[in-house]
2 protein chains.
Amino acid sequence: MRALREVERITTRKQVAERAGVSEATVSRVLNNVGPVKESTRRKVLQAAKELGYVPNAIAQRFARRKSGSIGVVLPFVPKVRMFSTFYFSEILSGIGEEIVRKGLDLLLLFKPADGEMDYTMPFRTGKIDALIILGSRNRPGELRELIKLQQSGYPFCLVNQHFPGYSFNGIDADHVRGSREAVQHLIEQGYKRIAFLNGPVEYSNSLDRLEGYRQALEEAGLPLVSDLIFEGNYSRTSGYRAASDVAAKISDIDAIFAANDRMAIGLIQGLYERGIRAGVDIAVVGYDNIDAAVVCEPPLTTVHVPFHEMGKRAAEWMISQMTSGAEVHFYEKLETELIVRRSSIKEGGVTSQ
Amino acid sequence: MRALREVERITTRKQVAERAGVSEATVSRVLNNVGPVKESTRRKVLQAAKELGYVPNAIAQRFARRKSGSIGVVLPFVPKVRMFSTFYFSEILSGIGEEIVRKGLDLLLLFKPADGEMDYTMPFRTGKIDALIILGSRNRPGELRELIKLQQSGYPFCLVNQHFPGYSFNGIDADHVRGSREAVQHLIEQGYKRIAFLNGPVEYSNSLDRLEGYRQALEEAGLPLVSDLIFEGNYSRTSGYRAASDVAAKISDIDAIFAANDRMAIGLIQGLYERGIRAGVDIAVVGYDNIDAAVVCEPPLTTVHVPFHEMGKRAAEWMISQMTSGAEVHFYEKLETELIVRRSSIKEGGVTSQ
DNA sequence: ATAAATAGTGTACGCGCGTACATTTTTATG
DNA sequence: CATAAAAATGTACGCGCGTACACTATTTAT
């Protein structure tokens with residue numbers, strides 16, 4: 001049952017016009033709902049279009065309108081060893097997609113190259129996109145240079161879950177300072193006083209925010225910030241696992257630890273376990289992100305939920321409004337996080353080892 | 001430092017031609033490497049293009065070439081409660097992306113509507129895409145109808161990780177029959193004889209393949225296939241959790257269970273644990289997919305690794321070759337899976353049930 | 001030397017649609 | 001009924017690029 005490619009020739013506006021007995025312009029007017037059209041004419045045109053199975057050629061429309069009608073979304077290069085949870089990006093992406101579809105726009109997925117920087121202005125200059133949403137940006141010289149260039153070119157774009165101190169790029173963030181502060185406050189409320197911190201690389205504003213939240217919580221409680229109790233990983237599970245040895249070495253000074261994300265927290269828990277230190281019993285652990293695995297690990301991980309989906313949606317909403325209004329308004333939004341308490345951090349919880 | 005939108009006017013081929021002192025056609029020839037061009041002319045043109053910062057307008061190119069240069073990727077509607085691991089799609093998507101970027105094409109992300117079917121021919125008819133890769137397809141009447149329509153229209157497309165018995169749609173799959181057989185064989189080798197099966201919905205060919213693998217393994221070992229020991233979930237963790245009560249009710253007849261994916265396996269393990277049945281001790285468990293969480297759950301889950309990334313890449317390779325060759329060749333590839341043995345299924349790890 | 005092949009370049013047009021402007025038809029107004 | 005205003009429709013053109021074809025300059029074959 002090999003199909004005849006009916007691909008060959010598309011039906012065009014001209015044919016619809018002929019069949020309806022009107023001019024091409026009238027067909028356009030009817031289909032775009034622009035200008036006054038007599039009701040009977042409208043019906044004739046719609047009828048003809050329907051009979052011919054006419055669908056406007058999107059490429060020609062974009063060409064004539066000088067608008068691509070699509071929004072680019074940049075994904076960072078993610079090597080085989082995933083630095084971020086795929087969860088993170090999937091959630092944001094689905095939020096963006098939901099909004100874009102709702103507005104009848106297209107989503108062009110752009111992948112950052114493995115090596116070197118990406119020229120963010122290029123997809124604009126080639127006319128492929130009308131707006132850009134950048135995920136997984138980092139504070140690095142090359143990256144920053146590209147962002148500044150993009151900013152100066154005046155094309156509408158925004159960052160998600162990253163900001164650059166000293167620069168006013170448009171962006172949607174979550175309030176990670178507050179999220180982290182609440183996480184650490186929770187530990188303090190549980191009675192822990194010697195709270196360590198496993199952070200991620202400083203090139204992510206997330207890390208700086210987490211540190212600030214950690215600092216604030218300690219300060220409020222009158223607890224000292226001990227730099228020896230601040231460790232650094234790279235947000236991967238493995239790095240959390242590796243950090244376990246450092247943490248274990250100072251375990252006599254530590255009764256709780258706040259990890260900057262769940263993946264590290266889970267790796268840490270495993271690493272500590274192998275050294276005889278039981279999370280939720282010998283040490284309290286709090287993570288961040290509320291990924292799927294947080295509820296299935298042992299013990300279930302207390303963490304901070306981040307509204308990634310909503311963040312993606314808001315980013316898309318902003319970009320779409322910029323595109324349609326044409327106005328060049330600055331925005332920077334922080335959405336709220338939510339502490340999710342599970343067994344890894346609660347004192348009463350300690351029970352089973354095995 | 002508000003930017004002047006340099007967006008206003010793009011530089012065009014015409015300007016490059018003038019500056020280089022040649023015709024527009026020659027500019028085109030140089031930039032597209034087509035036809036003979038004198039070396040000195042080539043340099044003049046490239047120089048002029050560089051000086052003007054000229055970039056061809058992609059939309060105009062597509063319009064003139066009557067090719068969109070982009071490949072569509074359909075994602076199923078994923079409601080708040082994710083039916084599949086996001087892992088699954090992220091991996092496939094990154095494989096597709098890798099290949100598409102390599103070939104200088106674009107990736108248009110298409111989201112299936114929440115309700116009703118999607119007309120897969122539409123993005124072709126509007127000229128938005130040249131080929132389509134469909135993820136998360138299911139064997140349902142409406143879906144099948146759309147696929148048949150698409151097939152008959154002759155546009156190049158393929159499915160990933162799904163096939164329809166009786167239809168020869170192009171597709172990239174993994175050998176789930178074999179993967180499942182090996183998983184169950186592994187359990188048999190460990191000495192288990194009463195092996196239950198927690199499957200997913202039959203609208204996924206994955207489920208049928210898993211069942212067949214399960215059947216084959218039992219048959220080879222001369223073990224009976226007991227329909228009472230076959231349970232059904234919907235691939236979500238929650239459904240695995242719920243299945244635990246059914247499994248627990250028959251626990252005296254079961255010493256191992258093969259779950260059709262990791263999410264269900266993990267939910268099942270939790271549910272059983274709450275009923276006093278310990279995975280890896282009282283019951284052996286094997287999952288499928290090798291998601292991130294499989295290595296961090298307790299006990300670490302024996303599972304079957306599926307090369308999702310590679311599958312995406314192969315799908316993209318096929319579609320690109322179809323696009324460029326124009327030939328309409330049929331393909332259906334099955335990639336190999338790999339059994340990953342962890343603690344949830346090995347006898348030494350545990351004590352003994354009854 | 002001349003003809004024929006080839007390299008190099010320019011001219012002209014179409015891709016399908018949006019839309020400014022011109023023109024015709026209808027309606028409102030007195 | 002005449003006329004101005006408004007509504008409805010048609011004509012014409014441009015969006016930026018690819019490319020068929022025509023044409024000229026150069027090389028090769030005879």
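Note that these values count all heavy atoms, side chains included, but never hydrogens, waters or copies made by symmetry. Here is the naming used below: chain letters follow the sequence lines, and residue numbers restart at 1 for every chain.
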Rounded to the nearest angstrom, tell me the gap between atom CG in B:L31 and atom P in D:dG18. 8 Å
Please tell me if the side chains of B:P56 and B:Y54 come closer than 4.5 Å, counting only heavy atoms from C-beta onward. yes
Between D:dC17 atom P and B:R62 atom CZ, what is the distance in whole Å? 13 Å
Are the aromatic ring centres of B:F169 and B:F164 under 6.0 angstrom apart? yes
Which residue lies toward the 5' end of DNA chain C, B:E39 or B:R13, if each is placed at its nearest nucleotide? B:E39
Looking only at side-chain atoms of B:P36, point me to the closest of D:dG10, C:dT9, D:dC17. C:dT9
Determine: side-chain N/O of B:Q61 to OP1/OP2 of D:dG18, distance under 4.0 Å, yes or no. yes
Could you check how far NZ of A:K128 sits from P of D:dG16, rounded to whole Å? 17 Å
As a test of reading the structure: which of C:dC17, D:dG18, C:dT9 is closest to the side chain of B:R29, going by heavy atoms? C:dT9
From the candidates D:dT11, C:dC17, C:dC15, the one with an atom nearest any side-chain atom of A:A64 is C:dC17
Tell me which of B:F63 and A:V34 sits closer to the 5' end of DNA chain C, going by the nucleotide each one is nearest to. B:F63
Polar side-chain atom of A:N32 near backbone of A:V34 as donor-acceptor pair, under 3.5 Å: no
So does A:R65 get a side-chain nitrogen or oxygen closer than 4.0 Å to the phosphate oxygens (OP1/OP2) of C:dG18? yes
At under 4.0 Å, does any side-chain N or O of A:S28 touch on OP1 or OP2 of C:dC17? no
Taking NZ, NE, NH1 and NH2 as the nitrogens, is one of them in A:R13 or A:E18 under 4.0 Å from a carboxylate oxygen of the other? no
Separation of D:dT19 atom C1' from B:N32 atom CG, nearest Å, is 10 Å
Rounded to whole Å, CD of A:E18 lies from P of D:dG10 at a distance of 13 Å
Would you indicate which nucleotide in C:dC17, D:dT9, D:dG16 comes nearest to any side-chain atom of A:T12? C:dC17
Any side-chain N or O of A:T26 below 4.0 angstrom from OP1/OP2 of D:dG10? yes
d(CD, A:E24; C1', D:dG14) in whole Å: 14 Å
Mark yes or no for whether B:D130, through its side chain, and B:M323, through its backbone, hold a donor-acceptor pair below 3.5 Å. no
Examine the side chains of A:E143 and A:Y120 and answer whether a donor and an acceptor come within less than 3.5 Å of each other. yes
Please report, rounded to the nearest Å, how far the C1' atom of D:dT19 is from the CZ atom of B:R66. 10 Å
With a 4.0 Å limit, can you tell me whether B:N57 has a side-chain N or O closer than that to the phosphate oxygens OP1/OP2 of D:dC15? no
Can you tell me whether the side chain of B:R42 and the base of C:dG8 have a donor-acceptor pair closer than 3.5 Å? no
Please report, rounded to the nearest Å, how far the P atom of D:dG18 is from the NZ atom of B:K67. 12 Å
Establish, with yes or no, whether the OP1 or OP2 oxygen of D:dA8 is under 4.0 angstrom from a side-chain nitrogen or oxygen of A:T41. no
